[in-house]
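First the structure, in the form of C-alpha cells, and then the observations on it.
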Amino acid sequence: MFRIRCPYCRELRSEEEFSYAGEAHIPRPEDPSSLSDAEWGEYLHTRTNPRGPHREMWVHTAGCRRYFNVLRDTLSYEILAVYLVGEMPPEREEAR
Amino acid sequence: MSEDVRRLAAGGRIDRDQALDFVFDGRALRGFAGDTLASALLANGVDVVGRSFKYGRPRGIVGHGAEEPNAIVEVGTGASCVPNLRATQVELYDGLEARSTGSSVFQRAVGAFGRLLPAGFYYKTFMSSPRAWMAWERLLRHAAGFGRAPDAADPDTYDRMNHHCDVLVVGAGPAGLSAALEAAGWGARVLLADEQSEFGGSLLAETRTLGGDGAAAWLDATLAELDASANVELLPRSTVSGYYDHNFLTIVERRSDHLGPVAVAGTRERLHRVRAEQVVLATGAIERPLVFANNDLPGVMLASSVSTYVNRYAVAPGKSLLLFTTNDHGYRTALDWHRIGREVVAIVDARENPAGGWVAAAKDSGIEVIARHAITEAVGRSRVSGAAIAPLQRNALVGASRRLACDLVACSGGWNPTLHLGSQTGVKPRWSKSAAAFLPGDLGEGTLCAGAVAGTPTLRGCLEQGALAGATAASRAGFGSGRTTRAAPEVDEPSEAPTGSLFLVPHPKRVSRAPRQFVDFQLDVTAADIELAAREGYESVEHVKRYTALGFGTDQGKLGNVNGVAILADVLGKDIAEVGTTMYRPSYTPATFGAIAARDVGGFFDAERHTPMHDWHTDHGAEWEDVGRWKRPWYYPQSGETMQQAVNRECLAARDGVAIVDASTLGKIDIQGADAAEFLDRVYTTGFRKLGIGRCRYGLMLHEDGTIFDDGVTARLAESRYLMHTTTGNAEVVFAWLERWHQTEWPDLKVYFTSVTDHWATAALVGPKSRTVLAKVCTDIDLSGEAFPFMVVREGRVAGVPARVFRISFSGELSFEVNVPAQHGRSVWDALIDAGAEFDIMPYGTETMHVLRAEKGFIIVGQDTDGSMTPADMGMDWAVRRNKPFGFLGDRSLDLADHVREDRPQLVGLASGDGKTVLPEGGQLVDDPERPPPVPFAGHVTSSYYSARLSRPIALGMVKGGAKRMGETVYCPLADGRVLKASIVDSVFYDPKEERQRV
Amino acid sequence: MVKYASISETRCAGSNPGRMERYSLLSLVRHARRYHENWQRAWRDPAPKKAYDIVIVGGGGHGLATAYYLAKVHGVTDVAVVEKGWLGGGNTGRNTTIVRSNYLRDESSHLYEFSLKLWEGLSQELNFNVMFSPRGVLYLGHNLHDMREIERRVNANRLNGIDAELLSTADVQKLVPLMSCSPNARYPVLGASLQRRGGIARHDAVAWGFARAADAQGVDILQRTEVTGVRCDNGAVAGVETSRGFIGARKVACVTAGNSGVLAAMAGLKLPIESRPLQALVSEPLKPCLDVVVQSSGVHCYVSQADKGDLVIGAGTDSYNGYGQRGSFSVIEHTLQAICELFPAFSRVRMNRHWGGIVDICPDACPIIGETPVRGLYFNCGWGTGGFKATPGSGYVFAETLAYERPHPLAAPFSLDRFATGALVDEHGAAGVAH
Amino acid sequence: MSEPGGVVCRECLDRAFVNVRADAGDPRLRHAVAQVAGVDLPHEPGTWNHADRSRAYWLGPDEWLLVVEGDDGLEVEGRLRDALDGRFSVADVTGAQVQLELSGHDVGKVLQKSSPYDFHPRNFPPGRCAQTVFAKATALVAAREDGAFDIVFRRSFADYLMQWLADAAAEYGYRLAGWNEP
Ligand SMILES: Cc1cc2nc3c(=O)[nH]c(=O)nc-3n(C[C@H](O)[C@H](O)[C@H](O)COP(=O)(O)OP(=O)(O)OC[C@H]3O[C@@H](n4cnc5c(N)ncnc54)[C@H](O)[C@@H]3O)c2cc1C
Ligand SMILES: NC(=O)c1ccc[n+]([C@@H]2O[C@H](COP(=O)([O-])OP(=O)(O)OC[C@H]3O[C@@H](n4cnc5c(N)ncnc54)[C@H](O)[C@@H]3O)[C@@H](O)[C@H]2O)c1
Ligand SMILES: Cc1cc2nc3c(=O)[nH]c(=O)nc-3n(C[C@H](O)[C@H](O)[C@H](O)COP(=O)(O)O)c2cc1C
Ligand SMILES: [Zn+2]
C-alpha cells in the first residue's frame with residue numbers, strides 16, 4: 001500500500017489511484033519487420049523482473065491520467081525515484 | 001468477607017449500580033457494567049470455560065486481554081452470532097448469551113488416547129487408501145473448529161473511513177497517552193487508538209500513584225485534555241490490526257457490540273484506513289507464562305492477569321495464591337493478593353538471589369519467598385489444587401520436589417513486548433539477552449516505539465519515553481522541535497532486578513515422558529511436540545510452527561511463541577537469536593470480514609452504471625444483462641412470453657419493420673489533433689488518413705502479440721477530429737491504451753483524447769422503416785440513401801436536440817444511430833418511441849442485437865474471440881491493411897510462425913444438422929464422435945441462436961482449418977449423451993450481398 | 001533439562017537411503033509406547049558434496065517432486081535439492097491448496113489431469129498423508145459471458161476425459177447452503193461448473209512427503225543453501241555458486257517459482273515472466289460449514305474450509321511486480337467484499353491472518369518447462385497462481401525431461417520457444433481467478 | 001447522532017461542461033478561455049479558478065474542465081473552437097457530467113468514507129481540486145470558500161453515487177436539497 005508522488009499532480013497519492021503499466025524503457029522497435037521472430041518475441045514477452053530496484057511505468061488512473069516512470073524497489077516497495085517518460089532515472093540509482 | 005466470594009466488596013472500575021444478567025453455557029449469571037465476560041465468569045466462579053482442541057482437557061481463563069488462548073466463546077445466536085470471541089475482550093451487557101466452543105465429546109474420547117496423537121500424527125496414518133482418509137477426514141473436521149458460523153446473513157452494517165494524520169499513536173497506556181499529549185501539543189494531527197473499552201492500558205489496573213495522585217486521576221486529567229484538543233481524534237475499542245508499507249495502517253473499531261443485540265442505528269464496526277506520517281507504537285507488553293507440567297490446569301493464570309482482575313474488576317479468582325515468577329514485577333501480584341486479604345501461599349522465584357524493592361515489600365508483608373525454586377508440575381483435576389516445587393540451579397533440578405496446596409497459580413516468566421505491528425512490516429524482532437525478550441527491530445524513520453513494547457520496565461520510564469516519542473514524531477512530521485514540553489509525573493516505584501530466563505521448567509521425567517508441558521494452550525502444543533518436531537528434522541522455527549501448529553491459533557501465539565522458540569533453541573543447541581521468531585502478519589487480533597468489506601456489499605459491491613434511458617427500460621419490463629459494470633436491457637418480455645418468443649418478436653421487428661436499441665454503453669472517444677489520422681493508423685488495422693470527412697470506417701485493434709482485443713467504427717468528424725467507438729466492456733481499457741501509446745511512445749504526434757462515453761446517449765433505429773420514423777423527428781438532415789449513404793455521419797437536430805446521426809449498422813439492416821447529449825437522452829428516446837408507435841416500433845435488447853449480428857456473421861470481441869485470435873483467424877483480413885507506412889500495433893506478430901499455420905481455429909458458420917436444434921454456445925466440436933476421450937479438439941461453438949427471420953438455428957464457431965472445410969460435417973457431443981451434427985458453412989447467413997444496410 | 005544429543009548428531013544419518021521407516025497406525029502405536037523418542041528424521045541434513053549429476057534449485061513442491069521422480073522412476077540419485085530457506089517455504093507453503101484439472105486447452109488439461117491422477121494415490125505413493133481431499137471444486141458464473149465460458153470448459157473437459165458437470169443455481173444452492181443465490185444480487189450466481197474429483201490438500205505435507213521420499217532414495221536435500229550464481233562454461237552449465245560454496249553439476253534445474261527471474265539473470269537470461277504478489281487469508285477455525293471449494297472470477301475470490309476449520313480464502317494478485325511476500329491491503333478488502341457478497345453469513349467471521357506469496361506469471365498463464373539457451377540449464381516455472389495442483393505432475397514430466405534431455409510429451413507444448421513462435425497456450429480464462 | 005442536515009447534497013443543474021486539452025504553455029490558450037468563458041485557466045496543479053458564472057478546474061498538465069452556468073455546452077465548445085483555431089482539443093461533455101454541492105457540518109466525514117484522498121482543510125483549502133477515487137468510481141472534488149465541496153462525476157455512475165452518499169451520510173443526517181433551495 002504505497003504512495004506515489006505524481007509528478008504532474010505534485011502530490012503524494014495513494015496506490016489505489018494508480019495503475020501499473022509494466023516495465024519502463026522497453027521502446028517499441030523502430031522497424032518490427034526487420035526483427036526475427038525470436039527478437040520480436042523478446043520485445044513482446046521477456047522482462048527483467050528484478051528483485052530490487054525496478055524501472056517501471058505507472059499511470060495516475062483516477063487522477064490526471066498521465067503515464068510516468070517510477071524506480072521502485074520490488075523487495076522493500078520503497079519508491080526510489082519518480083521521473084518523466086523519456087527521462088532516465090536519477091544517476092545514483094543507475095549505479096548498482 | 002468470605003474467602004470464596006469471588007467478587008470483592010470494594011474497588012475496581014466496575015459500576016456496582018448496574019447489574020447485568022447474562023447466560024453462559026445455559027447458566028444464568030450476573031455481572032456489572034465495566035466487566036468483561038471473563039471477569040464476570042471468574043466472579044461467578046466459572047473455572048472451566050472450554051475444552052482443549054486436541055486432548056479435550058478442561059481449560060480456564062489464563063489472561064485478561066488479547067492474549068487469552070482458552071476462553072474462546074461464541075456470543076449471540078443465529079444470524080448475529082459471533083463465533084470465536086475471547087471472553088477477555090467481550091464487554092458484558094445485559095442479556096449477553098455466550099457458549100464455550102470447546103471440543104466435542106468425540107475429542108474428549110480421543111483425548112484418552114492422547115499419547116497416540118503427537119505432533120503431526122495425521123501425516124503418518126489414515127492413509128491405507130484414499131477412501132479411508134475421506135472417512136477419517138470427516139471425523140477430524142467435526143472435531144476441529146471452535147465456534148459455528150452464523151447461519152444467516154449478517155443483519156449489521158459496517159463502514160470505512162480514511163484518515164491522514166501526522167502521528168498515529170497505537171495504545172493508550174501511559175506511554176501512548178504521553179506521546180499523544182506531546183504530539184498534540186505541538187499542533188500535529190494526532191490519532192490515538194486503543195483496543196480496550198477504556199483508555200489507560202495498564203493504568204486501569206495500576207495501584208501506584210502518578211505525580212502524587214492515584215493513577216486514575218492522572219488518567220482522567222489526561223483524557224480530558226486530549227478530548228479537548230481539536231487536532232486529536234480518539235478511537236477507543238479500536239484495534240490496530242495491520243501495519244503495511246508506507247505507514248498505512250488499518251484499525252478495526254467496534255462500535256456497537258458492547259451495547260448488546262439491541263437494534264443500533266449505524267454501524268457495528270468501522271474500518272479506519274490510516275496514512276500516518278509517523279507512527280508511535282505504545283502497545284505495551286504481554287506477560288510470558290511459564291511452561292511446566294500440567295500448566296494448563298484451570299487456575300493457572302498470568303500474574304498480571306490476576307492483578308488486573310483484582311484491581312480493575314474487583315474479582316479474586318481464587319483463595320490461595322501461589323506465585324511463580326522469574327522477575328520482580330510479578331511480586332506485585334502477590335502484594336495485590338495480600339492487600340485484599342487473601343492467602344499468599346508463597347512466592348516461588350526461579351532466580352538465584354531475588355532482591356529489589358518489590359521483593360523486599362513482599363518479604364515485609366510477611367509473604368514467604370522461596371528462591372531458586374520452580375513449580376515443576378501443577379496438580380488438580382478440573383482446577384489446580386496444588387503444585388510441586390523443586391529446587392533449581394542454572395535451570396536444572398537439583399533436589400527433590402515438595403508439594404504446596406493452593407487454588408491459584410500466578411505465573412510470570414517475564415514480558416514479551418507487543419511488537420507485532422512493527423514486525424508485520426517485515427522487520428524481524430531482535431533477541432535481547434539482557435531484557436530476556438524479543439524487542440522490536442530497527443523500524444526506520446516513520447516509526448517509534450515507546451513504553452513496554454520497547455522493553456522499558458518502569459512506569460516512569462514509559463511515561464518519559466512516550467512523551468519523547470510523541471515530540472519526536474511530531475517534529476519528524478514537521479511540528480515542533482522534538483523536545484518534550486512537560487515533565488513526566490513522578491512515580492513511586494522501586495528499582496527492579498533483571499528478569500531470569502526460564503522457558504521450560506525441567507521435570508523429574510524427561511520432556512517426552514513428563515506430564516504435558518503446554519507451550520501453546522489453544523492448539524495443545526507441548527514442549528514434547530517441539531522436541532519431537534526437531535527430532536524428526538523439522539528444525540526451522542517455521543517448520544516447527546507448521547508441524548506442531550505452534551502459534552497457528554486465533555491468538556497467534558501471543559503467549560506461547562517465545563517460549564516455543566526458546567525451547568527449540570535449547571533442543572537444537574542454538575541461540576534464541578539464531579532460531580528467531582516466525583513471521584508476524586496481520587491481523588493483530590482477528591478482524592471481522594464485514595468490517596473489512598465495509599459498505600461495499602449488496603448494492604455497493606460494485607458500481608452499477610446506468611444509461612440515460614435506464615428508467616424507461618425498467619418501466620417497460622426489461623430483463624437485464626450485465627455487461628462490464630453496465631446494466632443493459634437483455635430483452636423485453638411481454639406478458640406471457642418466453643425469452644425466445646420475445647427475441648423472435650424483437651428480431652422480426654428489426655428485420656421487417658422498425659426496432660430501437662439503447663446503444664449508449666458503447667465506448668466513445670473524441671480524438672482531435674493534427675496527427676489524429678496518423679495515430680489511428682497506428683492503433684487500428686485499417687487506414688484512416690484517406691477517410692473522407694463525415695465518413696465512418698470499421699477497425700480492429702490488436703495487442704502487440706497480434707491478437708484482437710477491440711473493434712469498432714470510427715468516424716471522421718472534421719479534418720482533424722475523429723470519434724472512435726469501442727466495445728462496451730473495453731471503453732476504459734482502450735482509452736488508457738491510446739493514452740499510453742501517445743504519452744509513452746509517440747508524444748510527438750499532435751493528438752488529444754477525451755472520453756465522451758457518458759456524454760452521448762445513443763438510440764439505434766433499426767429496420768426498413770427506420771428512415772420513415774426518423775424523418776418524423778429529424779427534418780434538417782436529408783435522410784435519403786443518396787444524400788446520407790451507409791457509413792456516413794451527419795449532424796442535425798433530432799426531436800429538437802442537436803444530434804449526430806450515424807448510418808452504421810450492427811444488424812445488417814438500414815439503421816440510424818442517433819446520438820444526443822446524455823441530458824437529452826431520455827426525451828429523444830421518448831420522441832423516437834412516439835414517432836415509431838404507428839409502425840409498432842419494438843425496443844430490443846442485447847440478445848436480439850446478438851442474433852441480428854450473428855445472422856450477418858459479425859463477430860463480438862470477447863465472445864467469438866477469446867484473446868487468442870488474430871484477424872486472419874476471424875476471416876477478417878479484409879479489415880487489415882498491411883502496407884501502411886508505419887504499420888500498426890500487432891502487425892509484426894501476424895507473421896509469427898504459429899500465426900500463419902493453416903490449421904489454426906478459424907471462424908466459420910455452423911448449420912445445425914437437423915435444422916432444428918440450436919447448438920449450445922460453448923459446445924465442443926469433434927471430427928469423430930465415436931472416439932473415446934481424450935478426443936482431439938476440432939473447434940467450438942462461439943455464438944448460437946435461433947433465427948426467427950431464417951426460421952432455423954444459426955451458429956458461429958471456431959474450427960481448426962475451418963476456412964478450407966466448407967461443407968464438411970463436425971459433431972458436437974453433449975453432456976447428456978446426445979451428439980449434434982453440424983455442417984461448416986459460410987459465416988454470413990443473411991443478406992450476404994449486404995444490400996439491406998445500404999438502402 | 002534432559003537433552004537428546006542425538007537430535008544434532010543424527011542430522012546426517014537418520015533415514016538411510018533406501019531404508020525409510022514406514023508410517024502407519026501400527027508404527028504410531030509402537031512409537032507411542034516409547035514416548036515417541038525414537039522417530040527417525042524425515043530427511044537428512046547432509047553436507048553438500050562437491051558435485052552432483054543434477055542440482056535442483058528450489059525446495060518447493062515442484063523441486064522436491066522432480067528429485068523424487070528422478071530417483072524413483074529414472075534411477076538418477078546423484079541429485080541435490082538446494083533450498084535457500086526451509087523446505088516448502090515458498091509458494092508451496094503459502095497457497096490455498098486447490099487441486100483440480102479442469103483447464104480449457106488440450107495441452108494444459110492433459111498435464112493437469114495427469115497430475116490429478118498422481119494426487120489420487122500420492123499419500124500411498126509417498127507413505128505420507130498429504131490429506132488430499134477430493135471434495136469437489138465449484139466455479140461460479142455470474143453473467144451470460146461467464147456461463148458461456150463455463151459451458152465451453154465443461155464440454156472441453158469431458159472430451160478430454162476430465163470429470164466436469166454444469167450446475168444450475170439451485171444445484172449450487174443445495175451444495176453450498178450458506179451461499180447467497182439471490183437473483184437480485186449485484187453478481188447473481190447463474191450457475192457453475194463442478195469438478196468432483198478436485199479438492200484440497202495439506203500443502204506442507206506435500207513438500208515434506210516428497211522430501212522424505214526423495215531423501216530415502218538418496219537425494220541430498222540442502223536447506224539454508226542459497227544459490228547466488230550459475231556458473232557456465234562455453235554456453236554450458238557447470239554448477240552453482242551457493243552460500244555454502246560452489247556445487248558442480250552436469251545439469252541445473254531451476255524450480256524457483258517467484259524467484260525464477262532472479263535465477264535466470266544469474267545465467268544471463270531473461271524470461272517472459274513477471275513476479276507478482278498473490279495473497280491469501282484464513283479465518284478463525286469454525287465448525288464445518290463449507291464442504292466444497294468455491295471459486296469465482298466474477299466477484300474474484302475463492303474459498304474452502306481447511307480440515308482445521310479455518311476458511312482458506314484466496315485473494316488476487318497485485319497488478320505490479322513484487323518480491324516482498326506481501327501484497328496490497330486493497331486486494332484483501334476486495335476479496336472480503338466478494339466473500340461477504342457471496343456468503344453474507346461469513347460477514348461476522350473474522351480474519352485471523354493474511355499473507356502473500358510471489359507468483360511467477362507468464363503471458364499466457366501457462367508454465368515454462370524445459371531447456372534454455374544455456375546447455376544443461378533447465379527451468380520449470382511460470383506456474384503462477386495455480387501450480388500447487390500440478391506439483392506431482394510437474395515433477396514427473398520434468399524429471400523425465402531432465403533424465404532424457406528431451407521434453408516429456410506432456411511438457412513439450414510448454415517450452416520456452418513458444419514465446420518466439422507465438423504458440424502460446426492461453427489459459428487466462430481457466431486460470432483467471434488465482435488458485 | 002448529530003442534528004439532521006449534517007450533510008446537505010444539492011445537484012447543480014443548467015451548466016455547460018467543456019473539456020479542454022491543449023499545450024499549457026501556449027499563451028493563446030489562456031486568452032481564448034478568458035474571452036469565451038471569462039475565467040482564468042489554472043496552471044497550478046490541483047487548483048481551480050472561478051469567475052462570475054464559470055469555473056475552470058485543473059485536470060492534468062494539458063487538460064481542464066470548464067463549467068459555465070446557464071450556457072449550452074455545444075455552443076461553448078463552438079466558441080472555444082473558433083477562438084482556438086483548431087490546435088487544441090475541445091469537447092462538450094455536458095452530458096457526461098453530474099455536479100453536486102456537498103455541504104454541512106459532517107461533509108468532511110462523508111468524504112473520508114468515500115475517498116483515500118486527504119480532504120482536511122490543511123491539505124485541501126478552498127481553491128484546491130483533486131480527481132481521485134470516490135467509492136468505486138472516480139470523481140473531481142473541489143473545495144470552496146464557504147466550506148462546501150463541489151463534486152463532479154460521470155453521469156452513468158450517478159444513481160450509484162447518489163445512493164452511496166445518502167448511505168454514507170445517513171448517520172449524520174442527510175438531506176437532498178432541490179437546486180433552488182437554500
Ligand atoms: C497465495 C497463493 C495461493 C495459491 N493458490 C493455489 C491454489 O489454490 N492451487 C494451486 O494449484 N496453486 C496455487 N498457488 C500457486 C502455487 O502455490 C505455486 O504454483 C506452487 O506452489 C509452486 O511450487 P514450486 O515448488 O514451483 O515453488 P515454491 O514452493 O515457491 O518453491 C520455490 C523454492 O525455491 C527457493 N528458492 C528461490 N530462490 C532460490 C535460490 N536462489 N537458491 C535456492 N533456493 C531458492 C524458494 O525458497 C522456494 O522454496 C498459489 C500461490 C499463492 C502465492
Ligand atoms: N518489562 C516491561 O516491559 C514491563 C513489565 C511489566 C510492566 N510494565 C509496565 O507496563 C506499563 C507499560 O505501559 P505502556 O504504555 O507501554 O503499555 P500498556 O500496556 O499500559 O498500554 C498498551 C495499550 O496498548 C493497547 N494495544 C496493544 N496493541 C494494540 C493494538 N494492536 N491496537 C490497539 N491497541 C493496542 C493495549 O490494549 C493497551 O491498552 C508500565 O506501567 C510499565 O511499568 C513493563
Ligand atoms: C492452507 C493454509 C492454511 C492456513 N491456516 C492457518 C491458520 O489456521 N492459522 C494461521 O495462523 N496461519 C495459517 N496459515 C498461514 C500461515 O501461518 C502462513 O501465514 C503462511 O503459510 C505464509 O507464511 P508466512 O506468513 O510465514 O510468510 C495457513 C496457510 C495456508 C496455506
Ligand atoms: Zn497525477
Side-chain angles (χ1 to χ4, degrees), chain A residues 1-28 53-94, chain D residues 19-25 41-48 56-65 89 91 93 96-97 111-125 127-143 151-154 157 160-161 164:
Chain A
M1 290 295 283
F2 34 81
R3 287 196 286 181
I4 302 178
R5 180 170 297 281
C6 172
Y8 295 99
C9 295
R10 296 206 216 118
E11 268 192 301
L12 264 185
R13 298 286 195 97
S14 261
E15 187 184 311
E16 297 100 304
E17 294 191 6
F18 299 90
S19 310
Y20 179 67
E23 183 171 350
H25 307 293
I26 305 181
R28 187 168 199 268
H54 185 220
R55 306 184 304 180
E56 56 197 27
M57 282 197 297
W58 285 80
V59 54
H60 194 181
T61 316
C64 64
R65 297 193 297 106
R66 297 300 91 187
Y67 287 78
F68 54 88
N69 292 327
V70 171
L71 183 69
R72 184 178 60 93
D73 190 309
T74 57
L75 196 58
S76 69
Y77 292 3
E78 201 182 329
I79 309 283
L80 303 169
V82 172
Y83 57 104
L84 303 186
V85 168
E87 294 179 352
M88 291 306 275
E91 276 300 319
R92 76 185 164 93
E93 276 86 13
E94 270 302 78
Chain D
N19 185 285
V20 178
R21 301 202 58 180
D23 177 355
L41 265 198
H43 279 216
E44 189 61 32
T47 62
W48 63 292
Y57 300 92
W58 185 93
L59 299 182
D62 60 1
E63 187 166 8
W64 295 265
L65 181 67
S89 163
V93 288
Q97 313 288 357
L111 295 179
Q112 268 183 286
K113 286 188 180 192
S114 308
S115 168
Y117 187 80
D118 181 7
F119 293 109
H120 190 279
R122 213 179 68 197
N123 185 61
F124 200 66
R128 290 294 311 271
C129 66
Q131 294 179 89
T132 182
V133 170
F134 203 91
K136 290 208 170 176
T138 57
L140 167 67
V141 183
I151 303 188
V152 181
F153 48 75
R154 284 186 285 165
F157 288 95
Y160 160 76
L161 282 173
W164 169 273

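Side chains are part of it too, since the values below use all heavy atoms of this structure and drop only hydrogens, waters and symmetry mates.
Considering all non-hydrogen atoms of both residues, D:V133 and A:E16 come closest at CG2-O, 3.6 Å. Residue A:Y8 comes nearest to D:W58 through the heavy atom pair O-CH2, 3.5 Å, listed as atom of the first residue, atom of the second, then distance. Nearest heavy atoms, D:G60 versus A:C64: CA-CB, 3.9 Å.
You'll find the side chain of A:E17 stays beyond 4.5 Å of the side chain of D:Q131, heavy atoms only.
We find the CZ-CG distance between A:R66 and D:D62 to be 4.5 Å, quoted to the nearest 0.5 Å.
Interface residue D:A130: backbone and side-chain heavy atoms are both found under 4.5 Å from chain A. Interface remark: D:D118 contributes no atoms to any contact with chain A (heavy atom separation under 4.5 Å).
The candidate with the highest count of non-hydrogen atom pairs below 4.5 Å against chain A, out of D:P116, D:P61, D:G46, is D:P61.
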